[in-house]
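Pasting a structure below so you can have a look.
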There are 4 protein chains.
Amino acid sequence: MTTEEKCSRGRPRCAKTHHAILQVTLALIAEQGYADLRIDEVAKRAGVGKQTIYRWWNNKAELCIEALLEDFHPTRLPDNPQGNTLRDDLLELASAISCRLNTPAARNMLVGVISASRVEDGSLASFRLQFLDTRREAIREIFSRHENNVHLRSGFDLELAVDLLHGPMWYRLLMDHGPLDEAFVRALVEGVLRLAVEEER
Amino acid sequence: MTTEEKCSRGRPRCAKTHHAILQVTLALIAEQGYADLRIDEVAKRAGVGKQTIYRWWNNKAELCIEALLEDFHPTRLPDNPQGNTLRDDLLELASAISCRLNTPAARNMLVGVISASRVEDGSLASFRLQFLDTRREAIREIFSRHENNVHLRSGFDLELAVDLLHGPMWYRLLMDHGPLDEAFVRALVEGVLRLAVEEER
Amino acid sequence: MTTEEKCSRGRPRCAKTHHAILQVTLALIAEQGYADLRIDEVAKRAGVGKQTIYRWWNNKAELCIEALLEDFHPTRLPDNPQGNTLRDDLLELASAISCRLNTPAARNMLVGVISASRVEDGSLASFRLQFLDTRREAIREIFSRHENNVHLRSGFDLELAVDLLHGPMWYRLLMDHGPLDEAFVRALVEGVLRLAVEEER
Amino acid sequence: MTTEEKCSRGRPRCAKTHHAILQVTLALIAEQGYADLRIDEVAKRAGVGKQTIYRWWNNKAELCIEALLEDFHPTRLPDNPQGNTLRDDLLELASAISCRLNTPAARNMLVGVISASRVEDGSLASFRLQFLDTRREAIREIFSRHENNVHLRSGFDLELAVDLLHGPMWYRLLMDHGPLDEAFVRALVEGVLRLAVEEER
DNA sequence: TGTTAACCGAGACGGTACGTCGAGTCTTGGC
DNA sequence: GCCAAGACTCGACGTACCGTCTCGGTTAACA
């Protein structure tokens, strides 16, 4: 999606159509996976011409990435947790994330979109930035809220915390070799805490 | 690929050809990713007819999975580390793995194959099993070698260790938002240790 | 194009625009043929919105037919010849027609419009009628002007004369297998005369 | 269609398929005209993949021209007439041609294919050559068979005869303003004869 | 030493989705 | 109400790749 700086001559873009396309895209990915997503089917289900899709997204990957971003949009994430301890907040955040991921739809979407776009591809970059930034910010805020209560280990960086929390969840999601349940989430948070804080009692 | 003992009349299959196909497949995935791999191109580069490929693999996914498995085969992994401490061994293992992953080729291959096959798809299952089992076994062996020196935290399970070690590495690989360097690996190992052992000094 | 006397509320239609559209249409057909004519291009070249075109012509064929009729309009044909003999007049008429046809533009236009509309299609009918009637009338007038000088063969009909004169010219035009020159025209007239008059010396 | 000088490696071209495509093409043009011919429909009706059509013909026009040529192939024309007089032979030939043309199918086909191809286009050239040559040859042979019986007018050329005979028939066919009946054909032959022979009694 | 059947490269095939293109319609804001 | 701009639906286009098939030709074990 390019920044809309067109002069307002001509028929304006139909917002309802735009949103419908993204919704249908999400639904279809969830139903049958990224690889089996057909642009024709998106168009038909959204009651839209194929051209209208290609007018705004250059290809399947771009369409799906924007659909994903809409679905994982910050406004649709839970509010920042307001617990009493760092541990409580991290647990709440991690639980929310794991719930969000723990569906076949999410697995299909994430793995498909990620894999469809090369590392060098700019279309993935925007996804990465927005997706990661949101989560990194959430964690950063939690840590800063509790910075007076805990003593952060020197040399600990936030990026690492993000990876430690998300990485194992994604790994289970992709490899599908173990449950993404409460116990697992709790263990992850425990790991992050032990790495992050000097002594958090 | 099943090994069927055909009656040995007629010309036997050419083993060199079989290997060449896998090599070319690997090379092409590394070059341009799984999604852009063309069977025709594999055939041409291997100097082989398309039929010869389909004689032994039912489709693109199967071919790629076998190619990947050949590349990540245990025999091509480093020998089990023989360090003095649990930390040393984990570090050596993690370093080896990260080196193995830290190329665009590996990223393309893993993400492509993973995403190409749905969760329910059996063709991925074998890859997952073999891939995971190998690594899980390596970690299990390391822990058991040192079980007398350290006191494992109760309730700690190995699957979790696998996820904690691999998950973040994969996550960085896929999202490409930070380096997969020695410092990162070291931090990961530290995290696993703190989670695994009661007090390991 | 119907001439309806709209109630004169609002801005009256721009006659210059109407004419410009037809001119551009003619020019584009001449340049690149009927099949490659694009309505968008007509609109752009005429500095006009597409809707303005469709307001007055229902589709591409109608637009082109009206453009053609304007170009081949009787008022743009030469005056009726006023020679001394039937032969002279026929020659002059035939020469005029052949000159009119003998350009790539004319070929593109005629063949395109003809072929675009099925036999049953009414939009062609008007073109045919007007186009043919004009020419048939010209020939009829020539014959009647000289009816006292020559002795028309019994059973000779005018339609046949039209076909004999125009048919071969069109045929050469379409098949492009021989020149549409003076000698050819002369031969045609000779043929018509021999078929039409008993003894015309 | 290119001359088949490929070395005979690989699966040979399926002749039945090739023929079926041409037949279906002819049928569809006859049914609904050239402009409404859909390649997809040809493929479906012929039980053939679209690619197979495009492998052998570059576009709709080429396909139709070859289909036409097959339909109007000399081997499918009547044998050369063997009458007693030049007039009889010409009449028989002209009748045969008019019968061949005098169907909506033929009209659709000819007008569509002719108009679709520009004058400069090579694909039409081959059609013209083969189509015209066949007919010119037929007329030439008739005249030469009777050259001892009649006295050809000096300066009369065969190309003119072809145009005089075919031109009016095509003109009626295209403009659809009069019947293509026996009387018309007879009049045409009469015209040709009067132009061609000095005194043919 | 010849038979013979599986192997092999080449490439045509049916099928399915792609991304593009143009016709004709609809919807703005400006005149 | 007319107009330019341009987004919209629809449907065909010509291309690309998949996985299958069918040729002629090759090759090694068996007879």
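Throughout, a chain's letter reflects where its sequence line sits, starting with A, and its residues are numbered from 1.
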Quick one, Thr25(A) and Ile53(A) - any side-chain contact, counting heavy atoms below 4.5 Å?
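A side-chain contact is absent here, since even the closest heavy-atom pair is not under 4.5 Å.
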Starting at CD1 of Ile53(C) and ending at C1' of dT25(E), how long is that distance when rounded to a whole Å?
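In whole Å, dT25(E) C1' lies 14 Å from Ile53(C) CD1.
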When you measure from every atom of DNA chain F, which of residues 38-46 of chain A have a heavy atom less than 4.0 Å away?
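Heavy-atom cutoff 4.0 Å gives no residues at all.
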Hey, does Val48(A) have a side-chain heavy atom less than 4.5 Å from the side chain of Val24(A)?
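Not in contact.
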Identify whether NZ of Lys or CZ of Arg in Lys60(C) sits under 6.0 Å from the centre of the six-membered ring of Tyr54(C) and within 45° of that ring's axis.
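Judged by the rule, Lys60(C) and Tyr54(C) form no cation-pi pair.
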Nearest to the Asn59(D) side chain among dG14(F), dG9(E), dC18(F), which nucleotide is it?
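Within the option list, the nearest is dG14(F).
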Kindly compute the distance separating CG (Leu28(A)) from NZ (Lys44(A)), expressed to the nearest 0.5 Å.
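Nearest 0.5 Å value for the CG-NZ distance: 12.0 Å.
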Both Thr17(C) and Arg11(D) contact DNA chain F. Taking the nearest nucleotide for each, which residue is further toward the 5' end?
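Checking each residue's closest nucleotide, the 5'-ward one belongs to Thr17(C).
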Report yes if some heavy atom in the side chain of Gln23(C) is under 4.5 Å from a heavy atom in the side chain of Glu70(C); otherwise report no.
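A side-chain contact exists here, since the closest heavy-atom pair is under 4.5 Å.
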Residue-phosphate contact under 4.0 Å: Arg13(D) side-chain N/O, dG11(E) OP1/OP2:
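No, no such contact exists.
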With a 4.0 Å limit, can you tell me whether Trp56(A) has a side-chain N or O closer than that to the phosphate oxygens OP1/OP2 of dC8(F)?
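Yes, Trp56(A) has a side-chain N/O under 4.0 Å of OP1/OP2 on dC8(F).
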Closest nucleotide among dC2(F), dT9(F), dT25(E) to the Thr52(A) side chain
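In terms of side-chain proximity for Thr52(A), the closest of dC2(F), dT9(F), dT25(E) is dT9(F).
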Could you tell me whether His18(D) and Trp56(D) have their ring centroids closer than 6.0 angstrom?
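No: the rings miss the under 6.0 Å criterion.
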Roughly how many Å is it from CH2 in Trp57(B) to C1' in dT20(F), rounded to a whole number?
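In whole Å, dT20(F) C1' and Trp57(B) CH2 are 18 Å from each other.
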Decide yes or no, distance alone: a donor-acceptor N/O pair under 3.5 angstrom between the base of dG19(E) and the side-chain of Lys50(A).
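A donor-acceptor contact between them is present.
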Side chain of Gln51(B): nearest nucleotide among dC21(F), dC18(F), dG14(F)?
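Nearest nucleotide to the side chain: dC21(F).
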Sugar-phosphate, base or nothing in reach of Leu63(C), heavy atoms under 4.0 Å:
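The answer is nothing, as Leu63(C) stays clear of every strand by at least 4.0 Å.
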With nearest nucleotide decided by heavy atoms, which residue, Arg55(B) or Cys14(D), maps closer to the 5′ end of DNA chain E?
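Result: Arg55(B).
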Closest nucleotide among dC17(F), dC18(E), dA4(F) to the Lys60(A) side chain:
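Nearest listed nucleotide: dC18(E).
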